[in-house]
Amino acid sequence: MKSSEIRRRFLDFFASKGHTIVPSSPLIPGNDPTLLFTNAGMVQFKDVFLGREQRPYVRAVSSQRCVRAGGKHNDLENVGYTARHHTFFEMLGNFSFGDYFKREAIEFAWEFLTCELGIPKDKLWVTVYQDDDEAYDIWAKQIGVPAERITRIGDKAGQKYHSDNFWQMGDTGPCGPCTEIFYDHGPEVAGGPPGSPDEDGDRYIEIWNNVFMQFNRDEHGVLHPLPKPSVDTGMGLERISAVMQHVHSNYEIDLFQDLIKAAARETHTQDLANNSLKVIADHIRACAFLIVDGAIPSNEGRGYVLRRIIRRAIRHGYKLGQKQPFFHKLVADLAKAMGEAYPELVAAQANVTAILKQEEERFAETLEHGMGVLEEALASEDKMLDGETVFKLYDTYGFPLDLTADIARERGVTVDFAGFEAAMELQRERARAASKFTMGKGLEFNGEPTEFHGYDTLEMEGRIVALYKEGSQVTEIHAGDEAVIVLDRTPFYAESGGQIGDIGELTSGHGVFVVEDTQKIQAEVFGHKGRLKTGRLAVTDMVNAKVDAEARSRAAYNHSATHLLHAALRTVLGKHVTQKGSLVTAERTRFDFSHPQPVTPEQLREIERLVNAEIRRNSKVETRLMKHDEAIKAGAMALFGEKYGDEVRVVGMGAFSTELCGGTHVKRTGDIGLFKIVAEGGVAAGIRRIEAVTGPAAVAYMQEQEETLREVANSLKAQPQEVAGRLAQIQDQVKAMEKELARFKAKLAASQGDDLANQAQEANGVKFLAAQIEGADTKALRELADKLKDKLKSCALVLASVESGKVSLIASVSADLTDKIKAGELVNHVAQQVGGKGGGRADMAQAGGTQPDKLATALASVKDWIAGKA
């Protein structure tokens, strides 16, 4: 059975069980900074499981493309050395969001494997969590799996051979026991059953994992039952394909064999079992789909991981003797193999090919020279590759560290990682010591540091010591030019410590320069970036530098409030809170801090209360220059990885806050006026973010909120203080009406049952019915189909309904007719005529469509279709 067939059958099977087929989400998770890539089928449903998002369905099924090549889940180094590790794979999954639970999930899995795929029952073993008696009883008593093929798996701690069968999203939050299904490859393969000392062998392979989200773990580790237990399952398409194609390695399945042959063609390799071909076949899938989903090769983040995978593939081609660009030529083969399931790959084929070709050509320029250096180093008798050579390969030839380690491992040589880090640090020190530096392409400066006077004044004269236009140093600029100006002294604050740079004007008798931003282009050299509004300016000209006082004041309100916020967070949440980042602008402050769980509304109110109490206290803001060590001993907080010299600037606000800070601040805390938190949320594992406004912006925000509340109250015909209660009433009414509507639809559909049974016709001796049911949803259609089958006995049914311009279809065929008439084929025949498609089992299937105006004609065609099959 081909992989594409397995994928289709999986989706159709669960669609027939009332699941909505949900397309694969992109490999780059949307709005989820905690993940580098989508690495499991449940990622796109994370907010649904957490209760933050609601979908129009409670059952879902998907085939999710996944990448595990960076971050916590990284299989890159194992690719090519094992039978089942991949950078890219597809995860088949079915999900329940508070709908069905353990019994149905287990029954679905067993039915699909043993009935739909026909896997012999005696080849399957299962595991359950050690305390999950419910799952054990379902397997043993309802499914009938012999006790000797069911293993209880406990926690890793204290159990020598057992792996953990308890899943959790994080240290806190949704979690629950798992039950896994293993396939036995047979006694000719080494390895023992799950839970045994030799379970890591290849005989018993996990093919399906059912996760039961049953509890919520609080900050104290206590498990609380969830009000709506859910199900998250996963089955690797590659693994189940290996089972169905009777091969032991994932690389022997049809999906990989086509790509391996293509890689062999492009590298002129005869031996199709060569591991390098497996690496190339795996990597073209990951690279192509990452580019399809928006990743571009680069030197940081996701782009760097993509570049590493590309270069690893190129190196394996080089190892096979292919010195010319070849990797990009495999995109066409991949599109042929997977384009039907993922049409976005076909649409992006030309772009993916071009990007890979460009990256290959870029790396090819240095690969041969770098390999020469590496081969020479590996030719020695040393069993460790020295750090200097590893660093040279990294710095000069663009070899990622893990690529060098990969090659060394093949030769039985270890890598001196400590020596590599030492060489890296020496380079950093040389860069810091250099007097010449660059800001952007071609922007170089040699000269004295800028004198900063912005703590004492917002206006002063300064001399132009350097001018830059379009990245190049010039002697003069003219009206309309965008430029960067360096002064010998300035009142403009350059962005640092989270506070944005000042804006304002530089003026002289020769011209007016509008400063749009101020940045440090070296530790103590300030670049004034902007546009010359009028006239001309030249090096050595004197200018009057004037900061925008209003913008500076508003930034100062927010920066000083950030210090108070930091202190309040540590007071309310605990001393574990430390700053992890900030952004202070004239509009608002954004503050990132370490904390393992969301800040509660009560805690946020207390934080706001403390900050505003300090503002009303109107403490004097004092700054002192102190020795770094003395400041720390005195209790000053050092912030989020800032680099400090021997002498530091200490900012104190009464007894409440003392921090090291080079930013600009108010003179007294009362100048801030008002502090208001506008948002709180998570940005990464263990990192929270608060956004807040101060002064006039806080007043404006509260007025806007008050106006919104007034408008809502008017709409509800209530007083503002009555809004919450009125909304609760309306929600209760809506729920009651929805229940009543559901009952009405079921009753209406049932009432049509007798009349519909009398409308049944015959075609070639087969009793059939094709009818549109008014006011019925999919559930009501299924129930009605079951009742009609009970009444008509031997029959084929197609029932349809239309709601909001969408067609819902159910096909049902009695068991005695399924050898001739398949429900999946029948429903698909009708669905294709109404702009949709569908499928399912031989006896029950469902589908949808988008063209209700064609429904009557489609239903009328059922008679001839059945006549042709009977």
Side-chain angles (χ1 to χ4, degrees), residues 67-70 74-82 85-88 251 256 259-260 262-269 271-288 290-291 295 297-299 303-331 334 352-353 355-379 385 389-415 417 420:
V67 162
R68 292 184 179 176
N74 186 0
D75 290 339
L76 180 61
E77 293 182 9
N78 293 317
V79 173
Y81 298 96
T82 70
H85 279 102
H86 307 291
T87 54
F88 174 96
Y251 290 96
F256 275 106
L259 294 174
I260 285 172
R265 179 193 72 222
E266 295 301 333
T267 58
H268 313 296
T269 304
D271 178 15
L272 293 180
N274 191 296
N275 281 343
S276 288
L277 294 179
K278 297 176 184 176
V279 173
I280 295 167
D282 171 274
H283 288 8
I284 189 62
R285 302 205 310 165
C287 295
L290 281 171
I291 294 170
S298 68
N299 288 327
Y304 180 64
V305 176
L306 172 58
R307 175 164 284 169
R308 285 167 56 196
I309 302 172
I310 295 171
R311 293 189 172 185
R312 192 171 189 264
I314 296 169
R315 201 277 300 181
H316 276 276
Y318 189 97
K319 185 180 175 184
L320 294 172
Q322 177 55 277
K323 307 292 178 70
Q324 300 301 315
F326 73 98
F327 191 51
H328 67 281
K329 297 178 182 179
L330 303 181
V331 177
L334 178 65
V352 173
T353 303
I355 290 173
L356 288 178
K357 184 179 181 183
Q358 182 183 55
E359 189 68 12
E360 279 192 276
E361 291 170 343
R362 180 179 295 151
F363 189 44
E365 295 172 3
T366 58
L367 176 61
E368 190 163 356
H369 296 298
M371 286 300 296
V373 172
L374 182 55
E375 290 290 350
E376 184 178 344
L378 292 173
L385 186 62
T389 299
V390 178
F391 177 75
K392 183 178 181 181
L393 288 165
Y394 170 84
D395 191 49
T396 307
Y397 300 106
F399 277 47
L401 179 59
D402 56 351
L403 175 56
T404 303
D406 199 42
I407 299 169
R409 177 170 57 166
E410 293 174 355
R411 310 293 179 86
V413 175
T414 58
V415 170
F417 292 105
F420 171 81

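Heads up: numbering here begins at 1 and tracks the sequence. A quick note: this is a predicted structure, and the numbers were derived from the prediction, not measured.
The two residues I280 and A313 make their nearest non-hydrogen contact at CG1-O, 3.8 Å. The minimum heavy-atom distance between I260 and A281, with the atom names listed, is CG1-CB, 3.8 Å. The nearest pair of heavy atoms linking E361 to P325 is CG-CG, 4.1 Å. P297 and I355 get closest at one heavy-atom pair: CD-CG2, 3.7 Å. Pairing each heavy atom of L374 with each of L385, the nearest pair is CD1-CD2, 3.7 Å. Between T267 and G317 the shortest heavy-atom distance is CG2-CA, 4.3 Å.
In this view, F256 and H86, Y251 satisfy the ring-ring contact (aromatic ring centres under 6.0 Å, His included) rule, not counting sequence neighbours.
Looking only at side-chain heavy atoms (C-beta outward), L378 and I407 come within less than 4.5 Å of each other. Taking 4.5 Å as the limit, every side-chain heavy atom of F420 sits out of range of all side-chain heavy atoms of V415. Here the side chains of L277 and L320 are in contact, with some heavy-atom distance below 4.5 Å. When side chains are defined from C-beta on, H283 counts as touching F327, because their heavy atoms get closer than 4.5 Å. Looking only at side-chain heavy atoms (C-beta outward), E266 and Q324 stay at 4.5 Å or farther from each other.
Results of the side chain to side chain contact (heavy atoms under 4.5 Å, CB included) test with V279 over R315, H316, K319 single out H316 as the only residue that passes. A side chain to side chain contact (heavy atoms under 4.5 Å, CB included) with I284 is found for exactly one of I310, V352, L330, namely L330.
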Q: Test R312 against R307 for side-chain contact (heavy atoms from CB on, under 4.5 Å), laying out the working first.
A: CA-CA 8 Å; R312 192 171 189 264; R307 175 164 284 169; over 6 Å; no
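Atom OG1 of residue T87 and atom CD1 of residue I309 lie 5.0 Å apart, to the nearest 0.5 angstrom. Between E359 atom CD and I291 atom CD1 the span is 8.5 Å, to the nearest 0.5 Å. Atom OH of Y318 and atom CZ of F326 lie 12.5 Å apart (nearest 0.5 Å). Taking CZ from R265 and CG from L259, the interatomic distance works out to 10.0 Å, rounded to the nearest 0.5 Å.
Side chain of R285 to backbone of F88: a donor-acceptor contact under 3.5 angstrom is found. With E360 contributing its side chain and H328 its backbone, the two residues share a donor-acceptor pair below 3.5 Å.
Judged by distance alone, the side chains of T269 and N274 never bring a donor and an acceptor atom under 3.5 Å apart.
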